[in-house]
Amino acid sequence: MVSLNPFKDTKRVVIKIGSALLVDPESGDLRKSWLESLSVDIVRLTSAGENVVLVSSGAIAIGRTRLNQWDKKLSLSEKQACAAAGQALLTQAYEEVLSPHGLVTAQVLLTLYDTEDRRRWLNARGTLQSLLAMKVIPIINENDTVATDEIRYGDNDRLAARTAQMISAGTLVLLSDIDGLYTADPRIHDDAEHIPVVESMSSEIMNMAGDENKLAGMGSGGMKTKLAAAQIATKAGCDMCIMDGNAPKPISRLLDGEPCTWFKATQNPRDARRQWISGHLNAKGHLTIDEGAHAALKKGKSLLAVGIMDITGAFEKGDAIIIKTPNKTEVARGIISYSSKDAMRIIGKTTAEIADILGYDYGTPIIHRDNLVLSDK
Ligand code: GLU
């Protein structure tokens with residue numbers, strides 16, 4: 001069984017691929033043979049039972065070549081135009097290398113809002129969970145054509161970390177053009193030392209990012225955004241690694257122990273998520289549930305509308321809710337999949353009746369078990 005790192009084995013791996021790995025910085029051409037080698041690595045992971053999610057940059061770089069804009073300095077809207085032209089080719093390139101191995105890909109384009117707004121976050125998470133359940137490899141990028149300056153990540157490092165958090169991944173690998181974090185920028189300082197493991201994201205570590213040179217026309221991330229990604233990932237219970245992905249089969253090289261920097265998570269993804277739900281979200285309402293529903297929750301089941309007796313508070317889909325028994329004891333907290341208005345209309349109803357009443361359903365449970373934390377656990 002493949003274990004990506006010595007720390008944990010959650011069977012969910014996010015791999016971020018930077019533009020400079022996919023597209024030759026000199027010619028602007030796609031590095032097809034490198035991509036083929038990556039596909040062999042992905043097969044190795046999926047055969048070992050890992051769910052693999054790719055966060056791939058490269059739409060703008062590929063689009064520049066396609067639209068003959070390679071050597072020019074582009075405005076934001078021109079870059080967005082290039083992304084629109086390049087994104088389809090980017091997804092197609094992955095499909096071409098993965099489908100011969102029997103793997104199916106799916107394109108997922110996200111914006112900052114999709115990862116920051118809890119309602120949209122729940123939707124995106126649901127879609128990704130379904131894709132993974134169907135053994136599909138999601139290929140994620142920022143939706144560059146609609147993401148304007150104020151609402152865009154601009155770099156895929158943080159997007160990859162948010163994605164890892166969203167799907168409770170145990171490992172995030174940033175394939176980069178540098179083999180990890182150094183005490184100073186090694187291109188400028190000869191005495192810069194490589195750091196193999198970072199135990200905690202101290203201010204000393206954050207200050208090591210420095211200012212960097214970037215290749216014209218290529219990606220927009222640097223060590224700063226990678227450290228910001230490490231902050232997000234490690235807090236979410238995900239170990240993160242920065243490695244030099246340039247040579248073929250980067251993941252195999254990582255598994256063979258090639259030098260890189262590991263950022264260690266402070267807890268596991270499950271506990272991070274529990275903490276997030278139970279501690280960091282202000283509850284917007286209360287649900288009173290019957291004994292049958294309480295017993296189901298204790299067995300690890302989702303909360304269904306049929307077991308709800310009463311609702312108080314005004315809340316929206318994605319808000320945090322306190323769950324109580326009729327004697328007013330708090331038994332759980334969770335993120336609800338319906339607004340209070342809609343939840344009112346379906347309490348006590350069976351799953352089969354919900355779509356008829358509302359004209360839609362958000363995947364049946366009022367609160368999915370993944371979004372529930374029991375008080376006595
Ligand atoms: N979303 C951008 C692209 O596909 C890349 C952002 C980044 O460089 O990380 O070109």
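Computed from a predicted structure; not experimentally measured. Just follow the structure's listing: the first ligand is 1, and inside any ligand the first atom is 1. Numbers here simply count residues along the sequence, with the first being 1.
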*Among side-chain atoms of Ser252 and Arg44, is any donor-acceptor pair under 3.5 angstrom?*
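A pair is found: one side chain offers a donor N or O, the other an acceptor, under 3.5 Å apart.
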Between [X] and [Y], is there a donor-acceptor pair closer than 3.5 Å when you use the side chain of the first and the backbone of the second?
| X | Y | answer |
| --- | --- | --- |
| Arg64 | Lys79 | no |
| Asp239 | Lys264 | no |
| Glu142 | Thr111 | no |

*asked:* Taking a cutoff of less than 4.0 Å between a non-hydrogen atom of the residue and any ligand atom, is Ala83 in contact with ligand 1?
replied: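 No heavy atom of Ala83 comes that close to ligand 1.
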Test your reading of the structure: does [X] have an N or O sitting under 3.5 Å from an N or O of ligand 1?
| X | result |
| --- | --- |
| Asp144 | yes |
| Asn156 | yes |
| Ala61 | no |
| Ser56 | no |

*For the atom pair CH2 (Trp262) and CD (Glu199), what is the distance rounded to the nearest 0.5 Å?*
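It comes to 13.0 Å.
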_If the cut-off is 4.0 Å to any non-hydrogen atom of Asp155, which atoms of ligand 1 fall inside it?_
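So the atoms of ligand 1 that pass are 7 (C), 9 (O).
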*Please determine which of Ile140, Asn156, Leu90, Asn141 meets the side chain to side chain contact (heavy atoms under 4.5 Å, CB included) test together with Ser56.*
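It is Leu90; the other options fail the test.
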*asked:* Is the contact between Asn141 and ligand 1 made by the side chain, the backbone, both, or neither, using heavy atoms and a 4.0 Å cut-off?
replied: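 Contact part for Asn141 vs ligand 1: side chain (C-beta onward).
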